[in-house]
Amino acid sequence: MSSQPSTKKQRTHPQYELLYHPGIPGRGEFIRLAFEAAGVAYTDTANAAKDGYSTVQEICMNKGTESADGNPPVFSPPALRVPGAGKDGKSALVIAQTPNILFYLGERLGLVPEDEGAGRYHVQQVALTALDLNNEVHDTHHPIAVMKYYEDQKEEALKKAQDVRETRIPKFLSYFERTLKYNEEAGGGQGKYLVGDKLTYADTTVWQVLDGCMFAFPKEMAARKEEFPDLLGAFYENVKKESGLKEYLSSKRRLPYSMGVFRHYPELDRQ
Ligand SMILES: N[C@@H](CCC(=O)N[C@@H](CS)C(=O)NCC(=O)O)C(=O)O
């Protein structure tokens, strides 16, 4: 699908291409949310056409010394291809690693504080922390081997999930809740935004991880609501209502969770 969110920005943009696996939100979702929140069009290459995934595989999963257009190799999707932004100013730029892509897009999509000071690094700091939690949640169902089935590592998964739910999730939620309060006390955000007084990719990234945790561990997250009322209440609800995101979240472009990072195995949730 070629995404056409409502256009909010006046600036002209290249036709950005998100290179990711088809059919799952996965780590591609952090990038989609940034585009959708900004109202900037992008091509979700693997979901846009039947042969789209072969392009993703050629660029991001080849065994050569180059990804494409003279760019260095990519370890794995997601990657971003930006036509016209290559070294010679004509070919394409290809970059990878979710937080690196978000950092590149942040200023271009208007999803970081306007001044170039500490605020931009704070946005990146919060997003990186949310992505750390994303990785820890992944390890609850694959604690031993990424390429082995969940069923082959279930015993370890039960132990890992218990630790992540009991010690790691509350530690991360506490950090995000304190970040919200810090911003509010500094006169920004009104409890709606983590950094500054408008939506940044820190908000969209934290929101996606919270939403994924609610899918994966519904009982655990419901039980934590009292402890973290601002984060799991006002903040979570407000991000959903942001223009661009509201339309996206009820559209077909928002893919359902399935067998990606966020999986619902009832036995891994609070009992
Ligand atoms: N740290 C990387 C992780 C990338 C990653 O793990 N990508 C997954 C899909 S979400 C993948 O295809 N991994 C293949 C592999 O690790 O072999 C990022 O944030 O982009």
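Ligands are counted one by one from 1 in listed order, and the atoms in each one are counted from 1 as well. Residue numbers count from 1 along this sequence. Both backbone and side-chain heavy atoms feed into the values below; hydrogens, waters and symmetry mates do not.
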When the ring planes of Phe35 and Tyr42 are compared, do they come out parallel, tilted or perpendicular, using 30° and 60° as the limits?
parallel
Do any side-chain atoms of residues 97-106 form donor-acceptor pairs under 3.5 angstrom with protein atoms, and if so which ones, sequence neighbours left out?
unit_1 : atom_1 : unit_2 : atom_2 : d
Asn100 : ND2    : Ala96  : O      : 3.1

Set of residues that line ligand 1, where lining means a heavy atom lies under 4.0 Å from it
Tyr20, His21, Arg27, Phe75, Ser76, Pro77, Pro78, Gln97, Thr98, Pro99
Glu247 side chain to Gly244 main-chain N or O, any donor-acceptor pair under 3.5 Å?
yes
Hey, can you pull the donor-acceptor pairs under 3.5 Å for the side chains in residues 190-199, sequence neighbours left out?
unit_1 : atom_1 : unit_2 : atom_2 : d
Tyr193 : OH     : Glu242 : OE2    : 2.7
Lys198 : NZ     : Gly110 : O      : 2.8
Lys198 : NZ     : Val112 : O      : 3.3

Can you name the residues that form a salt bridge (charged side-chain N to carboxylate O under 4.0 Å, His left out) with Glu29, not counting sequence neighbours?
Arg32, Arg254
Hey, is the main chain of Ala145 close enough, under 3.5 Å, to the side chain of Gln153 for a donor-acceptor pair?
yes
